[in-house]
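Okay, structure first, notes after.
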Amino acid sequence: MVKVITYGTYDLLHFGHIRLLERAKALGDYLIVGVTADGFDKARGKINVQQSLMERIEAVRQTGLVDEIIVEEYEGQKIDDIKRLGVDIFAIGSDWLGKFDYLKEFCKVVYLERTQGVSSSELRAEKSEIRLGLVGEISLLNKYERESHYVNGLKITGVCSEYDDFLSPTLKELRKGIKDFKDLVENCDAIYITSHPKEHYSQIRYALEHKKHILCKSPITIEEKQWKELKELAKQNSCILFDSIKTGYALAYYRLLLLVKSGIIGEVVSVDTTCTSFSDMILREGKDMSKAWNSISAWGPTAMLPIFQILGTNYKDKVITSHFSKEIKDFDLFTKIAYIFPQAVASIKVGKGVKSEGELIVSGTKGYIYVPAPWWKTEYFEVRKENTMENKRYFYQLEGEGIRYELVSFVKAITQNQKNIYIEDNVSLQITKEIEDFYNKRNLVEI
């Protein structure tokens, strides 16, 4: 019996996929198909997959062409599968010509001609094209424009910004056709907002009233009452309102949360995060610093995210300690928040005028997880135990600092009317409450 194996994502299964499977089947007596796991696709940078692993497996099964289906989960698995399953022929599309010649040591390799004029990427792009507008005053807009090119069905169509100095040539050109924020809203289906937090409420409300979807750099607002009002308005108008915290959408961070919840380090007793930078202050030198993001707004949501996602939001007490600028109102150069939970403690340290080691440490009764600086952009983390032989490192490729994953999740939520599974509403609301406490100086000590 001649065994043939092939691999693919098989997202939005189409005629091209079926023709390739038919050709592979004709090469032998028994066809094995490896369907790539969600995590493996993301690790390879293939992030725009629309269907779940189970949906894709079922679609392949229903073709009636396959004798056995396996899941591809890690780099190097093909060699292992070929040896373990006694495979005689490895078949793959001709667009991969030469890529898998290394497998000739283990079996025959055949490159099959692709069906021209059809691909999953094209189908995803044709499904919908969301016109995204950008509004804000910081250079982060450039990154979102750049990363948008990796996301099918998304196109940047306008920019509204007071600061041209740091915009890319592409964004400067897009800005020319936009008079103001209202004009931007009229020419878009969705808006990415990275304006000063005090402007979020009015901008989001106006956009939601015009039934536009919103991706907003967290915090969504700086008042709990406003947050609830905007969420209700989004619901009434069938709009998506997402927090933009790019770390929350990154594969390594998401895997870390799953490992913690699996009990790999036992009961969690402490979560400590640190996030600091000088970049925005340097960019704004000589400009209006009143619109610069302070430490708690710029870094607080990111630093708080693992605390509230791991320990929950029902802490017993907290103390906020801040060192403020003497020149700029409400601008904290450094803030530390210490939390006390029923069975654990936590802390964040954030700074725009202080530099420190940007690490994340999650401590448990059976070990701890260490994420090196800058933890919010990590591609790996370590699980450490008392017995060092049990230590393990986890590596995950991070594309575009997590921005493209965030954009894919946003587009998918719009097209499939899904809620945010990466940053839950209770976490988003709690972040807003923390920012509100800061501005009202509740439990706050100045140093």
Side-chain angles (χ1 to χ4, degrees), residues 217-219 243-261 264-265 267-280 293-315 317-323 332-341 343-364 367-384 394 396 398 401-402 406 422-424 426-428 430-435 437-438 443-444:
K217 190 175 187 302
S218 193
D243 281 81
S244 171
I245 306 177
K246 58 183 183 291
T247 303
Y249 301 85
L251 183 58
Y253 176 76
Y254 189 67
R255 289 289 188 266
L256 181 152
L257 292 182
L258 295 178
L259 279 173
V260 169
K261 292 174 182 178
I264 194 170
I265 59 170
E267 295 294 322
V268 176
V269 296
S270 177
V271 180
D272 301 288
T273 67
T274 301
C275 301
T276 63
S277 66
F278 287 124
S279 59
D280 192 46
W293 287 61
N294 58 14
S295 299
I296 194 66
S297 295
W299 283 117
T302 301
M304 296 172 195
L305 189 65
I307 292 174
F308 296 142
Q309 290 189 319
I310 293 172
L311 298 176
T313 58
N314 296 319
Y315 57 82
D317 199 7
K318 73 176 176 191
V319 176
I320 306 173
T321 307
S322 294
H323 176 56
D332 56 322
L333 297 168
F334 172 82
T335 288
K336 177 178 180 179
I337 305 180
Y339 295 96
I340 299 176
F341 287 82
Q343 304 294 330
V345 295
S347 70
I348 73 166
K349 291 190 290 184
V350 295
K352 295 292 289 294
V354 172
K355 194 63 183 169
S356 187
E357 187 72 10
E359 59 189 12
L360 164 64
I361 301 175
V362 184
S363 305
Y368 68 98
I369 293 179
Y370 172 72
V371 190
W375 73 265
W376 54 91
K377 293 195 289 188
T378 189
E379 293 188 305
Y380 93 98
F381 57 87
E382 301 176 17
V383 174
R384 297 177 176 177
Y394 294 82
Y396 301 95
L398 179 68
E401 299 181 23
E406 179 181 81
Y422 295 97
I423 302 173
E424 307 87 342
N426 68 314
V427 173
S428 172
Q430 193 61 46
I431 288 171
T432 293
K433 290 180 179 179
E434 300 302 304
I435 303 296
D437 283 351
F438 169 86
N443 301 95
L444 190 149

With side-chain contact (heavy atoms from CB on, under 4.5 Å) as the criterion, how do Leu360 and Trp376 come out once you've worked through the C-alpha distance, each side chain's angles and the decisive distance to 0.1 Å? CA-CA 8 Å; Leu360 164 64; Trp376 54 91; over 6 Å; no
Phe438 vs Ser297, side-chain contact (heavy atoms from CB on, under 4.5 Å): CA-CA, chis, key distance, verdict: CA-CA 10 Å; Phe438 169 86; Ser297 295; over 6 Å; no
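- Side-chain contact between Phe334 and Lys352 is absent, with no heavy-atom pair separated by less than 4.5 Å.
- Heavy atoms only, all atoms of each residue included: Leu398 and Ala250 are closest at CD1-CB, 3.6 Å.
- For Val350 against Ser295, the heavy-atom pair with the smallest separation is CG2-O, 3.8 Å.
- Scored by the ring-ring contact (aromatic ring centres under 6.0 Å, His included) test, Tyr339 finds Phe308, Tyr315 as partners (sequence neighbours excluded).
- Checked against the 6.0 Å centroid threshold, Tyr249 and Tyr422 count as a close aromatic pair.
- Of the candidates Ile310, Ile265, Val268, Val271, Ile265 is the only one forming a side chain to side chain contact (heavy atoms under 4.5 Å, CB included) with Ile369.
- In this structure, Trp375 and Ala303 approach most closely via the heavy-atom pair CZ2-CA, 4.2 Å.
- Distance check, rounded to the nearest 0.5 Å: OG of Ser244 to CD of Glu406 gives 3.5 Å.
- The structure places CD1 of Ile431 at 7.0 Å from CE of Met304, a figure rounded to the nearest 0.5 Å.
- Taken from CG in Asp243 to CD1 in Ile423, the straight-line distance is 5.5 Å, to the nearest 0.5 Å.
- When side chains are defined from C-beta on, Asn294 counts as touching Asp332, because their heavy atoms get closer than 4.5 Å.
- Both the sub-6.0 Å distance and the 45° axial angle are not jointly satisfied by Lys349 relative to the ring of Trp299.
- Counting non-hydrogen atoms of neighbouring residues, nucleotides and ligands closer than 6.0 angstrom, the CD atom of Glu267 reaches no more than 12 such neighbours.
- Minimum heavy-atom separation, Lys355 to Thr276: NZ-O, 3.1 Å.
- Looking only at side-chain heavy atoms (C-beta outward), Val371 and Tyr380 stay at 4.5 Å or farther from each other.
- Looking at heavy atoms from C-beta onward, Leu444 lies in side-chain contact with Ser322 at the 4.5 angstrom threshold.
- For Cys275 against Thr302, the heavy-atom pair with the smallest separation is SG-CG2, 4.2 Å.
- For the ring-ring contact (aromatic ring centres under 6.0 Å, His included) test, no residue two or more places apart in sequence or in another chain qualifies with Tyr253.
- The line from CD1 of Ile337 to CD1 of Ile320 is 4.5 Å long, rounded to the nearest 0.5 Å.
- Rounded to the nearest 0.5 angstrom, Ser218 OG and Leu305 CG are separated by 8.5 Å.
- Using modelled atom types, one finds no donor on one side chain facing an acceptor on the other under 3.5 Å when comparing Ser363 with Ser270.
- Exactly one residue among Asp272, Thr273, Thr274 makes a side chain to side chain donor-acceptor pair (under 3.5 Å) with Ser347. That residue is Asp272.
- Ring centroid separation for the pair Phe381 and Tyr370 does not come in under the 6.0 Å cut-off.
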Asn443 vs Asp317, side-chain contact (heavy atoms from CB on, under 4.5 Å): CA-CA, chis, key distance, verdict: CA-CA 9 Å; Asn443 301 95; Asp317 199 7; 4.2 Å; yes
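- The line from CG of Asn426 to CG of Asn314 is 9.0 Å long, rounded to the nearest 0.5 Å.
- Asp437 places a side-chain heavy atom less than 4.5 Å from the side chain of Lys318.
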